[in-house]
**Q** 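There's a structure below that I have some questions on.
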Amino acid sequence: MQARSIILRSLPIMLTLLFLVAAAMGQQREISGVVYNASDQPLPGASVVVKGTQGKGMIGTATDVDGQFTLQVPAGKDTLVVSYTGYHKKVVPIGQKDQVRVVLQSATSELEEVVVTAMGIKREEKALGYSVQDVQGEEMENADKMSPLEGLSGKVAGLNVASTGSGPGGSVNILIRGMSSITGSNEPLIVIDGVPIDNSGGASGTAYGGFDYGNAASNINPQNIKSISVLKGGAASALYGYRGSNGVIMITTKQGSSQKGLGIRFNSSVSFSNPVVRPNFQSKYSQGSSGSFEPNSFRSWGTKMNGQTVTNFLDQKQQLTPRSTHPYETFYNTGVSYDNSISINKRGKKNGIYFSANWTKTQGIQPHNTLDKKNLTLRYDSEVSDFLTFDAKANYINQQADNRPNLSGSPDNPVYLMAQLPPSVRLSQLQPYQTVDGYPVLWTSEYTKNEEGSVQWRNDPPAFATSPLLQNPYWAVNLNNNHDTRHRLIGFGEMNLDVKEWFALPFSLNVKGKVGIDYYNDTRERFTAHRTYYKADGKATINESKSQVLEMNYDLQVTASDRFGSFSTEASVGAHLRHNQSRGIYTSSESGLINEDGPYVIQNFNNPITNDGISEREVQSVYGLFNVGYNQMLYLDFTLRNDWSSNLSPDNWSYLYPSVSMSWLVHETVSLPEAIDFLKVRGSWAEVGSSGDLSSFRYYQYGTNPSQYRGLPYGSIPSNRPNRSIHAEYTVSKELGLKAILLNDRLNLDFTYYQTGTRDQILNSPLPPSSGFNRGYINAGYINNSGIEVSANYRLIDQANWNMSIGGNFTRQWSEVEELAEGQDIQIIGEAAGVVTAAKMGRPVGMIMGTAFARNDQGKKIIGDDNLPKIATTQEGALDYERVIGNSFPKMLWGGSISLSYKNLQLGLSLDSKLGHDMYSLTNRRGAEYGTFAYTTEGRDEWERAKEISETTGVPPQDGYMVHGVKDGKEGDYPVDPQKYWDRVARIHEAFVYDASYIRLKNASLTYRFDMSQAENVPFQDLSVSVFGNNLFYIMRHTKNISPRSSFGSRRTGIEMYAQPELRNYGMKVRFSF
Amino acid sequence: MKPFYSIILSALVILGAMGGCTEDFQQIDKPKTTAADIDSKYLFTRSLVTGSGISVGVWQYQHQLRGSVYAQHFTNINSDFTTANFEPLPGNTIWEWYYARKYFAPLNLNHQVLKLARGEDNPIKTGVARIWNVYLYQILTDQYGDIPYFNAFEKAKPAFDPQQEIYADMLSELDQAVEQIKDNRNKGYEGHGEADVLYQGNLDQWIRFANTLTMRLALRVSNVAEQELTIPHLERLDVGQTMQSVDDAARILPDPNGPTYHVKNPLSYVSQWNEIRVSQTMMNFLKGYDDPRLEVYANPNEAGEYVGLRNGQPTDSLSLRYNNHYVPDYCNIGSYFTGKETPHQLLTYAEACFLKAEAAYKGYISGSAEDFYNQGIRASFRQYGITNTDTIEAYLQGSASYDPANALKQIHRQRWIALYPNGREAWSLVRRTGHPQMMEPVYTFSGNQEMPRRVPYPTAERRYNKKHYQQAVSRMGGDSQYTRVWWDTQNP
């Protein structure tokens, strides 16, 4: 039908051309060529015109059935214009050539592109009044080792992707268009093939430790992804209702499709990982303080190591020599990951099948850390009859992890330990990590070591849990273990009824029913071994949890469409029901083993405590969508949705909200300069209601805990203040945008301005303790988020053998906290070791606050009588912990990519950048205080010399670490003992705030695709080999010793706390199919 | 055109009907692991244990970081603990742990006990909980001054009440609670029974505890409300119904086999961690009196000697010389206090005797101040198993012997020694009476040479209860550690 209409439409042109060709006989130069489409098929009937010839004098021709043409070109003309309906016009310089090969790009790829929008509704992209950005699966394929969502970083404008840096299988946090809720989740909804999935979980880290179990997104097999659409604004996600208020990431996976050959495909890759950024440790000064070696000191302010012989903590003679190997090199391994998958993909006349099996085995860089993932998918779709189709998918995921890295301030975190390891203590001296009688070996206690290498106490066994908490890193990774297992099933079944076909209706009418399931079962256990140094009384502890979550989603949707003259209309109504049930049993004991030689299982522990958590929630919704198009020029969409949420009171549990959006195709309406192929202006306004994270907050309830004190039970009271009057919160977003395709489809531009904010937020707000509660639910707060998003793609070279395109996207974002709970001008978001990130009135969300240098009116640091910098205080003379010392909200995000191909060889590069934000680093604070970082060596030699001079002359030392500042009104550099300087500065948070702006080479890949069409007797249909590297290096960064992308916990962006080394990952991959 | 709209409309109606099936919502949202009601005794046990301050965290924040170093029972040698150098820090943790910290909140737990007990019209449970309430609030108001009292736990942002009104109410609560128990004790009301882990349901002992508390409170306000509160309450007091022996002491036993460290002896941890050293001030008094409690209060240093450490060593010296100087050379807290079963004292019989001595000396109650003074010393000795009559008599006849000319100073000094290691109460005593004389710390943060008089309010109240916080601050004249609480007026 379509093909015929194209021919009919192009017939007049062809006739004209034929006429013109005849009229233009007898010209001076002949040029011939062939016109192809992108898949190398010749295009018959394409028009070829000499540029600059018009009207009567037009010189041109049309291609024949083989796509070939011959044309006489007059002298002085050297350019052809080739066009074909449905394809982008192309301007071809011919120079002195007499033969050309022209490839036209299908315009339908952008102009007529069909995109999947909310609730799986397929729409023409041009009709959308809001921005949807797509990323194709192929672009994600080399992102293997990272979660597929991590791969989105830098690819989609307005998307802020943060990883917590917590080892393989770690979670990824995404913010679309900034943070709108102060206490609620700001994570977008993740939908796989129309089924919303539970993306909870993630980093459970607090300042005292924790693990990152990964969020749901990390369970997805990147190989199965066909495409990802990011719905950013409210209008885009309005149909997902309360769950779509933070945007939606829609993942479409593969289904059976027609393939040449057997349709069996193998994918195999191996990759390696190692740290991108390592702390720059000092290696010259020993354990100790005040310039002297001390064998049991916590710190590294000892003597300069010149080969002196000393007695170390093991009571052995040791020569003090500078450390030559970075401790990370000794302690960490090269991470290795194997990834193998097979897929079978087949489509018959009436049905299609897709099966894939994927197995990933990863060894982390930390000793004994492994992650094993298996992923099986089966999808089947069938045309049951002319009017009924069926589609179903089941995806089973099994994941097992051993010894995930301990995060943040846990003494089992090797990063924490290595930041304190004195350069004179070699990691080899910490092995064996226990004495003959099973006590820990630490560089701060006294031992003797016999000739067989076994270690014994010199005096008494240690006092456990001595501050600061310390640990032998080998004890941590060998004895204090953790394991977790996840079984997950995600699936759906869908029936589609074409009523028009069935009843021969005069208009199109479809009924779709769908059931989605997401079930997972997690088992997690961790323990600390008997006599772990940092545990009270050295008692063994255990934590075990088993939880299961079942979420069912039911959908019924009726869609009708019809045309009325110049108007096309479509209307859908649907109902949705979400039911979520979860149950978790948590058992723990910190009272030690019953049988010390027995296993670490719950029945071998004293006083285990068990808790059962059960929760259930349900949301019901109805929605309607109406859109009308006029002459393919102007489109208007309206949506309306009503939700009923079980967690609200009956008076408030129903809430209604609308959205409207508009798209105007300017190029269809007015005539535009030739350079503009396509121009769309769009705008939208949407309101999305939400009942928050569906937590229950209506009841004051008492609980009980068994046997807490001398066998007696304890009663408990809630720590959250109940509130029966909570009502839905509303996110209102406005968006204006422009999309243009220019220069013969070479340049693609998209521009968006948005403004969004959530009013009456359901805040789990902190309360004053005197209320009797830690927190309470209230409706309050408003953060105004706005931004500009620009994305552009330019095909720089577009030739038969050579292709090059560059792309980029850019976001400039603003945020301002405009309202908080009544009477409050600040609310804390994240907190660690005295530093907070906060929502502060009138400022962007995420201000970093803590202690600061005392400064005079000119902003110069004030130096005390002891030559040390003073700390800013409050009017009351107390240390001021609320100075604004940084801003963790990034002002700018951008990403860029280049893809270059020559024949079968393809090179891809992509960059990623976040600019204009800060972070506080606890790793630096500790390394500075303990004298382990290289920058703490400044002034040490000078101070020692000055001290010696001072002893003979009696004049105070005149050299050392030079502190710049104002002392008694005089600005200058004042000498101090570097150890005292860093001891003081360790108490000043401002000193460890860094500009976290960065530019990194996110990804590079080189792929060679063997051309199998020429080969005979080869069973392969396709064979390609690639090498790739992810997160290769930073082109720009300002953070010392740490990665600017590290943060701990999902809400604590802006604070780094002993973050796991950020990994670079590189490897090779082979793909072949039969 | 017509069928198009009619189908859409009918679909809308059908789906709308489907969407509105909310009958199950109440059931779905109802909590499934908790209950709307509970027997108050489970909450009371928890309030008693957490309110005793036995958890090492609570102990550290109230004593190790505040009272014990201000009143110079101890000093800290961990360089992170700078309150011994009078660094002004906000008093977050104590406040949170008493009002609302998850798993603690003794005040809140007891508030619920009172509500439930009143709800079931049980005057015995109510009376006992009212006494306990006063014990808890007194601790908090003495540290902070004005605190939320009348509306705490009932409002999301409760107002702060003046300490004067709190004290007046606490004293009348004690009176009324004692009356309430006496009036109803033989009417068959069930008490908390074994859930009452302080006195195991012994109402006589609760009455004695209440009356002793009345003395503690009435004397504390004697500088500011002698006529209004001290005299009326002490005149009414039946001294025969105050604590009569060591057995009446309010104390909580640690649970060495408990599931968490919050029920174990906090001092055993603190001593293991080597973070505190006995203050030189305390050591001087013990040595000066040739006090037999010396060997109980302190363990000898590595050289076998009894050496106290002067308070407030410079913070940078602490980080430099913690391990090779302060730890081996100075005395750690005595092993008696660090035993797994050593009771955690809330109000001792010795303190009761010194309260009586002061009250008798000032004529608020009848009786001989000297006798009460001597009883106090004997009680304190007995508490530590020092029962040798010769030792006791020698002490009573020695430099500590009662001297009517210096009686108040002596009573306060002996009370200060006997309170060890309850630094929080010792600090209140030093603030009110100026006795004993404290030594100036070796190093103090600039502008903070004097002993702090108060714990500054927590950040959370300032942030989230701003209006009421500011009212309290302007009423008290500031929120620094030198702002004085209402009863602290007389001494430098």
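Bear in mind the structure is a predicted one, so any value in this text is a computation, not a measurement. Note on naming: letters A, B, ... go to the chains in the order of the sequence lines (proteins, then strands), and numbering restarts at 1 for each one.
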**Q** Quick check on the interface: out of A:R721, A:R984, A:Q827, A:Q875, who has the most heavy-atom pairs with chain B under 4.5 Å?
**A**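 So the answer, after comparing A:R721, A:R984, A:Q827, A:Q875, is A:R721.
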**Q** Can you find a side-chain donor-acceptor pair between B:E461 and A:S770 that sits under 3.5 Å?
**A**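 On atom types as modelled, these side chains qualify, holding a pair under 3.5 Å.
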**Q** At a 4.5 Å cut-off on heavy atoms, which part of B:K467 comes close to chain A: side chain, backbone, both, or neither?
**A**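 Contact with chain A: none, neither part.
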**Q** Does any backbone or side-chain atom of B:K264 lie under 4.5 Å from a heavy atom of chain A? Answer side chain, backbone, both or neither.
**A**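 Contact with chain A: side chain only.
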**Q** Side chain, backbone, both or neither: which part of B:L48 has an atom under 4.5 Å from a heavy atom of chain A?
**A**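 B:L48 has no heavy atom closer than 4.5 Å to chain A.
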**Q** Which atoms of B:L107 are under 4.5 Å from chain A, going by heavy atoms: the side chain, the backbone, both sets, or neither?
**A**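 Interface part for B:L107: neither.
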**Q** Above 12 or not: heavy atoms from other molecules or residues under 6.0 Å from OH of A:Y709?
**A**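 It does: A:Y709 OH has more than 12 such atoms within range.
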**Q** Take atom NZ in B:K155; do more than 12 heavy atoms of anything else shown fall under 6.0 Å from it?
**A**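 No, not enclosed.
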**Q** Need one label for B:P458: side chain, backbone, both or neither, based on atoms under 4.5 Å from any heavy atom in chain A.
**A**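 When you check distances to chain A, no heavy atom of B:P458 falls under 4.5 Å.
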**Q** Of all the heavy-atom pairs spanning B:T33 and A:D612, show the shortest one and how long it is.
**A**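 Smallest heavy-atom distance, with atoms named: CG2-O, 3.0 Å.
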**Q** Starting at OG1 of B:T260, measure out to CD1 of A:I609 and round the result to the nearest 0.5 Å.
**A**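 Taking OG1 in B:T260 and CD1 in A:I609, the distance rounds to 6.5 Å.
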**Q** Is B:F445 close to chain A through its backbone or its side chain, or both, or neither, when contacts mean heavy atoms under 4.5 Å?
**A**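 Side chain only.
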**Q** Identify whether the distance between the nearest side-chain nitrogen and carboxylate oxygen of A:E882 and B:R463 falls below 4.0 Å.
**A**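 Result for this pair is yes, salt bridge flagged.
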**Q** Can you tell me if OH on B:Y103 sees more than 12 non-hydrogen neighbours from other groups inside 6.0 Å?
**A**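 Incorrect, the count does not exceed 12.
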**Q** Any side-chain heavy-atom pair from B:P259 and A:Q708 closer than 4.5 angstrom?
**A**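 Yes; the side chains approach each other to less than 4.5 Å.
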**Q** Output the distance between atom OG (A:S716) and atom CG (B:L43), rounded to the nearest 0.5 Å.
**A**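 Rounded to the nearest 0.5 Å, the OG-CG separation comes out at 8.0 Å.
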**Q** As an exercise: rank A:G711, A:S645, A:P718, A:G288 by heavy-atom pairs under 4.5 Å with chain B and give me the winner.
**A**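 Going by pairs under 4.5 Å, I would pick A:S645.
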**Q** Under a 4.0 Å threshold between the charged nitrogen and the carboxylate oxygen, would B:E87 count as salt-bridged to A:R987?
**A**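 Salt bridge between A:R987 and B:E87, a charged N being under 4.0 Å from a carboxylate O: yes.
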**Q** I need the A:T874 OG1 to B:D479 CG distance, nearest 0.5 Å.
**A**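 These two atoms lie 8.5 Å from each other.
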**Q** Does any heavy atom of chain B fall under 4.5 Å from the side chain of A:W301, the backbone, both, or neither of them?
**A**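 When you check distances to chain B, no heavy atom of A:W301 falls under 4.5 Å.
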**Q** Roughly how far, to the nearest 0.5 Å, is the NZ atom of B:K32 from the CZ atom of A:R583?
**A**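 Taking CZ in A:R583 and NZ in B:K32, the distance rounds to 11.0 Å.
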**Q** Donor-acceptor pair, distance only, cut-off 3.5 Å: does the side chain of B:W95 make one with the backbone of A:P769?
**A**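 Pair absent, no side-chain N/O of B:W95 close to backbone of A:P769.
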**Q** Between A:L767, A:N642, A:I828, A:L879, which shows the greatest number of heavy-atom pairs under 4.5 Å with chain B?
**A**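 So the answer, after comparing A:L767, A:N642, A:I828, A:L879, is A:I828.
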**Q** Is it the backbone or the side chain of B:T459 that comes under 4.5 Å from a heavy atom of chain A, or both, or neither?
**A**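 When you check distances to chain A, only side chain atoms of B:T459 fall under 4.5 Å.
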**Q** Sort B:Y261 into side chain, backbone, both or neither according to what part of it lies under 4.5 angstrom from a heavy atom of chain A.
**A**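 Interface part for B:Y261: both.
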**Q** Would you mind checking if B:E194 and A:R710 are paired as a salt bridge, meaning a charged N to carboxylate O distance below 4.0 Å?
**A**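 Result for this pair is no, no salt bridge flagged.
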**Q** Does A:G772 offer a backbone N or O that forms a donor-acceptor pair with the side chain of B:N108 under 3.5 Å?
**A**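 Checking the backbone N and O of A:G772 against the side chain of B:N108, a donor-acceptor pair under 3.5 Å is found.
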**Q** Output the option from A:G864, A:P713, A:G703, A:G823 having the highest count of non-hydrogen pairs under 4.5 Å with chain B.
**A**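 Most heavy-atom pairs within the cutoff with chain B belong to A:P713.
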**Q** For the residue pair B:Q272 / A:D537, report whether a side-chain donor-acceptor contact shorter than 3.5 Å exists.
**A**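 A donor-acceptor contact under 3.5 Å links the two side chains.
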**Q** Among side-chain atoms of B:Q112 and A:Y700, is any donor-acceptor pair under 3.5 angstrom?
**A**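 A donor-acceptor contact under 3.5 Å links the two side chains.
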**Q** Name the member of A:L712, A:N607, A:L648 that forms the most heavy-atom pairs with chain B at distances under 4.5 Å.
**A**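 When all of A:L712, A:N607, A:L648 are compared, A:N607 has the most.
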**Q** Measure A:Y881 against the heavy atoms of chain B and call it side chain, backbone, both or neither at under 4.5 Å.
**A**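 It is the side chain, since no backbone atom gets that close.
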**Q** For A:N606, is it the side chain, the backbone, both, or neither that has a heavy atom closer than 4.5 Å to a heavy atom of chain B?
**A**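 For A:N606, neither part sits under 4.5 Å from chain B.
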**Q** Please flag which part of A:S719 lies under 4.5 Å from any non-hydrogen atom of chain B: side chain, backbone, both or neither.
**A**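 Contact with chain B: side chain only.
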**Q** Can you tell me if A:K870 has over 12 outside heavy atoms packed within less than 6.0 Å of its NZ?
**A**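 For A:K870, atom NZ is not crowded (no more than 12 foreign heavy atoms under 6.0 Å).
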**Q** Got a second to check how far A:N774's CG is from B:Y99's OH, nearest 0.5 Å?
**A**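 The CG atom of A:N774 sits 14.5 Å away from the OH atom of B:Y99.
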**Q** Atom CZ of A:F773 and atom NZ of B:K102: how far apart are they, to the nearest 0.5 Å?
**A**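 It comes to 13.0 Å.
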**Q** Between B:A35, B:A152, B:A105, which residue shows the highest count of heavy-atom pairs closer than 4.5 Å to chain A?
**A**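 Ranked by heavy-atom pairs under 4.5 Å with chain A, first place is B:A35.
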**Q** Ion pair present between B:K466 and A:D825, side-chain N to carboxylate O less than 4.0 angstrom?
**A**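 Answer for the salt bridge query: yes.
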**Q** Can you confirm whether A:E822 is buried at CD, in the sense that more than 12 heavy atoms of other residues, nucleotides or ligands lie under 6.0 Å from that atom?
**A**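 Not more than 12 within 6.0 Å, no.
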**Q** Do A:P650 and B:Q26 have side-chain heavy atoms sitting under 4.5 Å apart?
**A**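 Answer yes - side chains close enough.
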**Q** When heavy-atom pairs shorter than 4.5 Å are enumerated against chain A, which of B:R101, B:H468, B:H262, B:R462 gives the highest number?
**A**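 Max contact count across the listed options: B:R462.
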**Q** Looking at chain B, which one of A:P768, A:G592, A:A536, A:A821 has the largest number of heavy-atom pairs inside 4.5 Å, strictly under?
**A**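 Most heavy-atom pairs under 4.5 Å with chain B: A:P768.
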**Q** Near B:Q449 CD, under 6.0 Å, is it more than 12 heavy atoms from other residues, nucleotides or ligands?
**A**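 Enclosed: over 12 neighbouring heavy atoms sit under 6.0 Å from CD of B:Q449.
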**Q** Hey, which of B:A460, B:P31, B:G258, B:P148 has the most heavy atom pairs under 4.5 Å with chain A?
**A**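 Ranked by heavy-atom pairs under 4.5 Å with chain A, first place is B:P31.
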**Q** Is A:H579 in contact with chain B via its backbone, its side chain, both, or neither, using a 4.5 Å heavy-atom distance?
**A**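 It is the side chain, since no backbone atom gets that close.
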**Q** Once salt bridge (Lys or Arg N to Asp or Glu O under 4.0 Å) is applied, what residue pairs with a partner in residues 696-706 of chain A remain, sequence neighbours excluded?
**A**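 Non-adjacent pairs meeting salt bridge (Lys or Arg N to Asp or Glu O under 4.0 Å): A:R698-B:D29.
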**Q** Name the region of A:S707, side chain, backbone, both or neither, that has any atom closer than 4.5 Å to a heavy atom of chain B.
**A**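 Backbone of A:S707 only, per the 4.5 Å heavy-atom cut-off to chain B.
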**Q** Any side-chain to backbone donor/acceptor pair from B:R46 onto A:Y714? Under 3.5 Å, distance only.
**A**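 Checking the backbone N and O of A:Y714 against the side chain of B:R46, no donor-acceptor pair under 3.5 Å is found.
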**Q** Measuring heavy-atom distances to chain B, does A:N705 have an atom under 4.5 Å in its side chain, in its backbone, in both, or in neither?
**A**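 The side chain, not the backbone.
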**Q** Which pair of heavy atoms, one from A:G715 and one from B:I38, lies closest together, and at what distance?
**A**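 It is CA-CD1, 4.0 Å.
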**Q** Out of B:Y42, B:Y98, B:F44, which one racks up the most heavy-atom pairs below 4.5 Å with chain A?
**A**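 Counting heavy-atom pairs under 4.5 Å, the top option is B:Y42.
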**Q** Do B:F25 and A:W644 have their ring centres less than 6.0 Å from each other?
**A**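 No, ring centres 6.0 Å or more apart.
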